[in-house]
Amino acid sequence: MYIVELTEPTNFEHSQRPRPSPGAEEVLVRMNHVGICGSDIHYFQHGRIGEYVVESPLILGHESAGEVVAVGRDVEHLSVGDRVALEPGVPCGECVRCRTGSYNLCPEVVFMATPPDDGAFAEFVAWDADFAYRLPASVSTRAGALCEPLSVGIHATRRGEIGLGDSVLVTGAGPIGMMVLKAARAAGAGDIIVSDVVPSKLARAEKAGATTTVNVAEEDLSDAVAAATDDNGVDIVVEASGAAAAITSTTDVVRRGGTIVCIGLTQDDDIPISMNELVDKELDLRGSFRFKNTYSDAISLLERGAVEVEDIIDFEMPMNDLTAAFERAQEPDVIKGIVTVDSE
Ligand SMILES: NC(=O)c1ccc[n+]([C@@H]2O[C@H](COP(=O)([O-])OP(=O)(O)OC[C@H]3O[C@@H](n4cnc5c(N)ncnc54)[C@H](O)[C@@H]3O)[C@@H](O)[C@H]2O)c1
Ligand SMILES: C[C@@H](O)[C@H](N)C(=O)O
């Protein structure tokens, strides 16, 4: 089968590998669409993210969907021909985190495109059938691939307990911030303010339902949030930029008794947060890591038309042009690039 591997920073090699056979509890999926995520780009540029280092050739890509072409003997809920979205992390199922319902925190998880685990820029992927979700006829494999970032948005929305009428600030209108915006809207949030530094992204956030947008390169975030909330601050801030300034501002722009959810990962771990505001305003500060139990809900939201995801896509390019696709995905206006997987 045709695969593309990252062999060293900025170098993809196109090659062939034997087609895998599905294990008893696996399905073999012929990939159709794979999204390019910021973490793929980071591995492509630097060959590492923190302690995760690409030490041997690695297949990137973890936002994926395709068609089942073979099923293992113990798989009953999927059949050849089903179109599926693949949840990219398969937890061990046995550790205390898995057994207590937080499988997204399993330290033994096999997560696509996180060294040493291969991802989905491959013609075929054999995957645990419990983490392959059938797509209804109305949901494309393009949208199925985007169930992954949508899942990040759903999980953060749940971490923030965002509900009916809540006012929300989402910092960052990249793919993750856009998915938080969409999940928060679907959860019934009221005013949703979105900040970024790229005007075209803010325009797209507005089109996707942001009630206020703030270009923090030109406007003061605190002033803009105060103006939009009668000086109260928002009920919930979801930090989805990883930018130090945005992280530091969270305690200022949230209301007394409000909640801050941090999704953004940063290059610099040493970012100031006001402890006095945290205590005096009695804030809840919560991390949000990947997702759990989100895929079925993501697919249901898509099927019912409660959430649209394809509007974040800027371009689609074939896997045999993967380097060009990764270069294009780094352009400042781009939110999401999708790769179509064909035989070479
Ligand atoms: N916790 C998780 O499970 C998880 C999952 C995926 C991504 N992430 C992290 O979430 C963050 C967002 O991911 P992404 O793929 O959307 O990244 P991205 O880089 O595509 O988007 C970040 C956006 O933030 C904007 N930005 C820059 N400075 C800003 C500022 N001061 N205020 C507001 N916006 C600003 C950028 O212009 C960009 O549009 C990254 O840090 C990523 O590593 C975390
Ligand atoms: C969750 C996923 O999108 C993220 N890039 C990760 O590797 O954790």
Side-chain angles (χ1 to χ4, degrees), residues 34-45 48-52 58 60-64 86-89 104-106 109-115 117 119-120 145-159 169-182 193-205 210 213-222 224-225 237-250 253 261-269 271 286-292 294-295 312 314 329-337:
V34 183
I36 300 174
C37 170
S39 62
D40 295 317
I41 294 173
H42 204 88
Y43 282 122
F44 175 72
Q45 291 173 322
R48 66 183 302 151
I49 296 181
E51 68 198 62
Y52 295 99
L58 182 77
L60 294 176
H62 60 268
E63 302 174 352
S64 69
L86 298 186
E87 181 171 350
N104 58 317
L105 302 181
C106 170
V109 67
V110 172
F111 202 94
M112 284 186 185
T114 302
D117 303 321
L146 294 182
C147 284
E148 204 273 354
L150 178 56
S151 285
V152 176
I154 292 172
H155 186 63
T157 297
R158 288 178 174 157
R159 289 284 293 150
L169 166 68
V170 183
T171 51
I176 298 301
M178 290 294 283
M179 292 301 177
V180 173
L181 163 64
K182 286 159 186 287
I193 305 167
V194 176
S195 66
D196 204 289
V197 292
V198 180
S200 64
K201 288 182 173 173
L202 290 169
R204 285 165 76 178
T213 57
V214 186
N215 182 346
V216 291
E218 293 175 353
E219 266 182 272
D220 182 75
L221 183 65
S222 301
V225 171
V237 180
V238 183
E239 204 305 295
S241 73
I247 295 167
T248 297
S249 70
T250 54
V253 294
V261 177
C262 291
I263 309 178
L265 295 161
T266 64
Q267 300 303 316
D268 177 5
D269 216 15
I271 294 170
R286 303 177 185 173
S288 185
F289 187 61
R290 294 178 174 165
F291 37 79
K292 59 178 178 181
T294 50
Y295 262 67
I312 74 162
D314 296 274
Q330 292 172 53
E331 290 171 10
D333 277 355
V334 167
I335 295 182
K336 179 61 67 183

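Remember, it's 1-based here, ligands and their atoms both numbered in the order they're listed. Because only heavy atoms are used, hydrogens play no part in the values below, and waters and symmetry mates are left out as well, while side chains stay in. These figures come from a predicted structure and were not determined experimentally.
The backbone N or O of K201 sits nowhere less than 3.5 Å from a side-chain atom of D196 that would complete a donor-acceptor pair. When atom types are taken as modelled, the side chain of T250 and the backbone of I247 share a donor-acceptor pair closer than 3.5 angstrom.
Given atom 28 (N) of ligand 1, the protein heavy atom at minimum distance is A243 CB, 3.4 Å. Among protein heavy atoms, the minimum distance from atom 24 (O) of ligand 1 is reached at S241 CB, 3.4 Å. Nearest to atom 27 (C) of ligand 1 among the protein's heavy atoms is V197 CG2, 4.0 Å. At the shortest separation from atom 25 (C) of ligand 1 among protein heavy atoms lies D196 OD2, 3.2 Å. Scanning the protein heavy atoms around atom 43 (O) of ligand 1, the nearest turns out to be L265 CB, 3.7 Å. Of the protein's non-hydrogen atoms, I263 O, 4.0 Å is the one closest to atom 8 (N) of ligand 1. Remark: minimum distance from atom 7 (O) of ligand 2 to any protein heavy atom is reached at R290 NH2, 3.5 Å. Looking at atom 4 (C) of ligand 2, its nearest protein heavy atom turns out to be H62 NE2, 4.1 Å. The protein atom (non-hydrogen) at minimum distance from atom 3 (O) of ligand 2 is E148 OE2, 2.9 Å. In terms of protein heavy-atom proximity, atom 14 (P) of ligand 1 is nearest to I176 CG1, 3.7 Å. Scanning the protein heavy atoms around atom 5 (N) of ligand 2, the nearest turns out to be S39 OG, 3.0 Å.
Each of the atoms 11 (C), 12 (C) of ligand 1 lies under 4.0 Å from some heavy atom of A240. The atoms of ligand 1 that sit less than 4.0 Å from any heavy atom of S195 are 33 (C), 34 (N). Residue K201 has at least one heavy-atom neighbour below 4.0 Å for each of these atoms of ligand 1: 38 (C), 39 (O). The ligand atoms of ligand 2 that sit less than 4.0 angstrom from a heavy atom of C37 are 5 (N). Interface of V198 with ligand 1, defined as ligand atoms under 4.0 Å from a residue heavy atom, comprises 37 (O). Atoms of ligand 1 found under 4.0 Å from any heavy atom of V216, numbered from 1 in the order shown, are 30 (C), 31 (N), 32 (N).
The shortest distance between side-chain heavy atoms of L221 and L169 falls below 4.5 Å. Here the side chains of F291 and E87 are in contact, with some heavy-atom distance below 4.5 Å. In this structure, the side chains of Y43 and C37 stay at 4.5 Å or more apart for every pair of heavy atoms. Taking 4.5 Å as the limit, every side-chain heavy atom of H155 sits out of range of all side-chain heavy atoms of R290.
Residue contact check for ligand 2: E63 places no non-hydrogen atom closer than 4.0 Å to it.
Between the choices G174, S39, P175, the shortest heavy-atom distance to atom 15 (O) of ligand 1 belongs to P175.
Partner V197 forms a side-chain contact (heavy atoms from CB on, under 4.5 Å) with one of L202, V216, V214 and no other, that one being V216.
Protein heavy atoms are absent from the space less than 4.0 angstrom from atom 17 (O) of ligand 1.
Partners of R286 under the side-chain hydrogen bond (donor to acceptor under 3.5 Å, both in side chains) rule, at least two apart in sequence or in another chain, are E161, D284. Residues meeting the side-chain hydrogen bond (donor to acceptor under 3.5 Å, both in side chains) test with E63, sequence neighbours left out: K336.
Within the 4.0 Å heavy-atom criterion, the part of S288 lying near ligand 1 is the backbone and not the side chain.
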